[in-house]
Novice: 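Submitted below is the structure of interest, expressed as structure tokens.
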Amino acid sequence: MHTLIAYVRSARPDLTNRQLALLMLVYLTPGPHTVRGLAANLSVSKPVITRALNTLGAFGYIRRQKDESDLRNIFVERTEAGHEFLQAFAGLIEQSYGRSSERPSAQDSSARGASRHAS
């Protein structure tokens, strides 16, 4: 929760879950990445991937490169801007993790409430 609140408050573009998952797939899994492969990995259609790549490309987070050996294939490549975005997002997660460890979890609160009602 803290990570998402910090992300919404940041000046970073507001990516959808699908766009963020796609970006993480490209950066955190070995390539080369193709539209077809990414669509299969996320169990969505190629047009869904294309729309998400259009947005990510407009932000400069990914780059598309034609496969010279098979012009039907498009490779999805990482960029410095995308790397910086994910580094900043990782920083938000780390900051939020510190905050969340200071507070009791929802599960802890539920357990305490249940034990009070049982008494």
Side-chain angles (χ1 to χ4, degrees):
M1 177 182 80
H2 298 290
T3 300
L4 293 177
I5 289 171
Y7 175 56
V8 168
R9 290 177 177 165
S10 75
R12 301 284 180 174
D14 195 14
L15 300 181
T16 66
N17 288 332
R18 186 175 287 161
Q19 292 162 349
L20 196 52
L22 181 59
L23 189 63
M24 288 183 181
L25 269 175
V26 171
Y27 280 81
L28 302 176
T29 61
H33 299 285
T34 63
V35 172
R36 181 178 294 133
L38 292 166
N41 199 313
L42 289 175
S43 299
V44 297
S45 67
K46 290 189 299 184
V48 166
I49 296 298
T50 298
R51 285 191 300 274
L53 291 176
N54 288 342
T55 300
L56 295 172
F59 292 131
Y61 294 165
I62 57 95
R63 170 179 40 248
R64 293 182 219 191
Q65 185 68 39
K66 286 187 180 182
D67 179 357
E68 295 302 324
S69 64
D70 183 352
L71 297 178
R72 296 172 296 172
N73 278 335
I74 302 291
F75 291 122
V76 179
E77 299 178 342
R78 301 168 182 143
T79 65
E80 186 60 34
H83 178 77
E84 289 171 7
F85 172 85
L86 286 178
Q87 286 294 109
F89 194 78
L92 293 175
I93 293 169
E94 289 171 0
Q95 289 173 352
S96 298
Y97 183 73
R99 282 191 215 139
S100 65
S101 65
E102 297 167 5
R103 295 190 173 110
S105 70
Q107 189 175 19
D108 292 340
S109 298
S110 297
R112 276 187 295 231
S115 66
R116 272 186 284 198
H117 293 298
S119 299

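Because only heavy atoms are used, hydrogens play no part in the values below, and waters and symmetry mates are left out as well, while side chains stay in.
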Novice: Within a 6.0 Å radius of atom CZ on Arg64, are there more than 12 heavy atoms belonging to other residues, nucleotides or ligands?
Specialist: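 Result for CZ/Arg64: enclosed.
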
Novice: Are there more than 12 heavy atoms of other residues, nucleotides or ligands under 6.0 Å from atom CG of Asp70?
Specialist: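 For Asp70, atom CG is crowded (more than 12 foreign heavy atoms under 6.0 Å).
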
Novice: Once you measure the plane-to-plane angle for Phe59 and Tyr61, does it fall in the parallel (<30°), tilted (30-60°) or perpendicular (>60°) bin?
Specialist: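 Aromatic pair Phe59/Tyr61 classed tilted.
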
Novice: I need the minimum non-hydrogen distance between Ala6 and Leu92, along with the two atoms involved.
Specialist: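 So the two residues come closest at CB-CD2, 3.7 Å.
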
Novice: Should we say atom CZ of Arg78 is surrounded by more than 12 heavy atoms from elsewhere, each under 6.0 Å from it?
Specialist: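 Atom CZ in Arg78 is crowded, with more than 12 foreign heavy atoms closer than 6.0 Å.
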
Novice: Measuring from Tyr27:OH to Glu77:CD, what's the distance to the nearest 0.5 Å?
Specialist: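 If I round to the nearest 0.5 Å, the distance is 10.0 Å.
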
Novice: Taking the side chain as everything from C-beta on, heavy atoms only, tell me whether Ile74 gets closer than 4.5 Å to Thr50.
Specialist: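 The answer is no, as the side chains (C-beta and beyond) never meet within the 4.5 Å cut-off.
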
Novice: So which atom in Val48 and which in Arg18 form the shortest heavy-atom distance, rounded to 0.1 Å?
Specialist: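 Where Val48 meets Arg18 most closely, the heavy atoms are CG1-CD, 3.3 Å.
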
Novice: Flag yes if Leu15 and Val8 sit in one hydrophobic cluster, no otherwise; membership is Ile, Leu, Val, Met, Phe, Trp, Tyr, and two members link when side-chain heavy atoms are under 4.5 Å apart.
Specialist: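 No, Leu15 and Val8 fall in different hydrophobic clusters.
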
Novice: Quick check: closest heavy atoms across Ser96 and His2, and the distance to 0.1 Å?
Specialist: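 For Ser96 versus His2, the nearest heavy atoms are OG-C, 3.1 Å.
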
Novice: Is there a side-chain contact (heavy atoms from CB on, under 4.5 Å) between Leu20 and Phe85 once you walk through the steps?
Specialist: CA-CA 10 Å; Leu20 196 52; Phe85 172 85; 3.7 Å; yes

Novice: Please round to the nearest 0.5 Å and tell me the distance separating atom OG1 of Thr34 and atom CG of Asn41.
Specialist: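 Reported value, rounded in 0.5 Å steps: 10.0 Å.
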
Novice: Report the distance from atom NZ of Lys66 to atom CG of Asn73, rounding to the nearest 0.5 Å.
Specialist: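 Lys66 NZ to Asn73 CG: 12.0 Å, rounded to 0.5 Å.
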
Novice: Measure across Glu84 and Arg12 and return the closest heavy-atom pair with its distance rounded to 0.1 Å.
Specialist: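 Taking Glu84 first and Arg12 second, the nearest heavy atoms are O-NH2, 4.2 Å.
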
Novice: Find the distance between CG (Leu22) and CG (Leu42) and round it off to the nearest 0.5 Å.
Specialist: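 So the CG of Leu22 and the CG of Leu42 are separated by 6.0 Å.
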
Novice: Locate the shortest heavy-atom distance separating His33 from Val26; write the atom from each residue and the value.
Specialist: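 Where His33 meets Val26 most closely, the heavy atoms are NE2-O, 3.2 Å.
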
Novice: If you take all heavy atoms of Tyr7 and Pro13, which pair is closest and at what distance?
Specialist: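 The pair with the smallest heavy-atom distance is OH-O, 2.5 Å.
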
Novice: Calculate, to the nearest 0.5 Å, the distance between atoms CZ and CG belonging to Arg51 and Leu56 respectively.
Specialist: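 One finds 13.0 Å between CZ of Arg51 and CG of Leu56.
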
Novice: Short question: side chain of Thr79, backbone of Gly60 - any donor-acceptor pair under 3.5 Å?
Specialist: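 Yes.
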
Novice: With rounding to the nearest 0.5 Å, note down the distance linking CZ in Arg72 to CG in Asp67.
Specialist: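 Nearest 0.5 Å value for the CZ-CG distance: 9.5 Å.
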
Novice: Are Met24 and Val35 in one and the same hydrophobic cluster, where Ile, Leu, Val, Met, Phe, Trp and Tyr link if side-chain heavy atoms are under 4.5 Å apart?
Specialist: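 Yes: a chain of side-chain contacts under 4.5 Å links Met24 to Val35.
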
Novice: If Ile, Leu, Val, Met, Phe, Trp and Tyr residues are connected whenever their side-chain heavy atoms lie under 4.5 Å apart, and connections chain through other members, are Leu71 and Ile49 in the same group?
Specialist: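 No, Leu71 and Ile49 fall in different hydrophobic clusters.
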
Novice: Under 4.5 Å between side-chain heavy atoms, counting indirect links through other Ile/Leu/Val/Met/Phe/Trp/Tyr residues: same cluster for Ile5 and Ile93 or not?
Specialist: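 Different clusters: Ile5 never reaches Ile93 through Ile, Leu, Val, Met, Phe, Trp or Tyr contacts under 4.5 Å.
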
Novice: Hey, any chance Val76 and Leu86 share a hydrophobic cluster, counting ILVMFWY side chains that come within less than 4.5 Å of each other, even indirectly?
Specialist: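 Linked within one cluster.
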
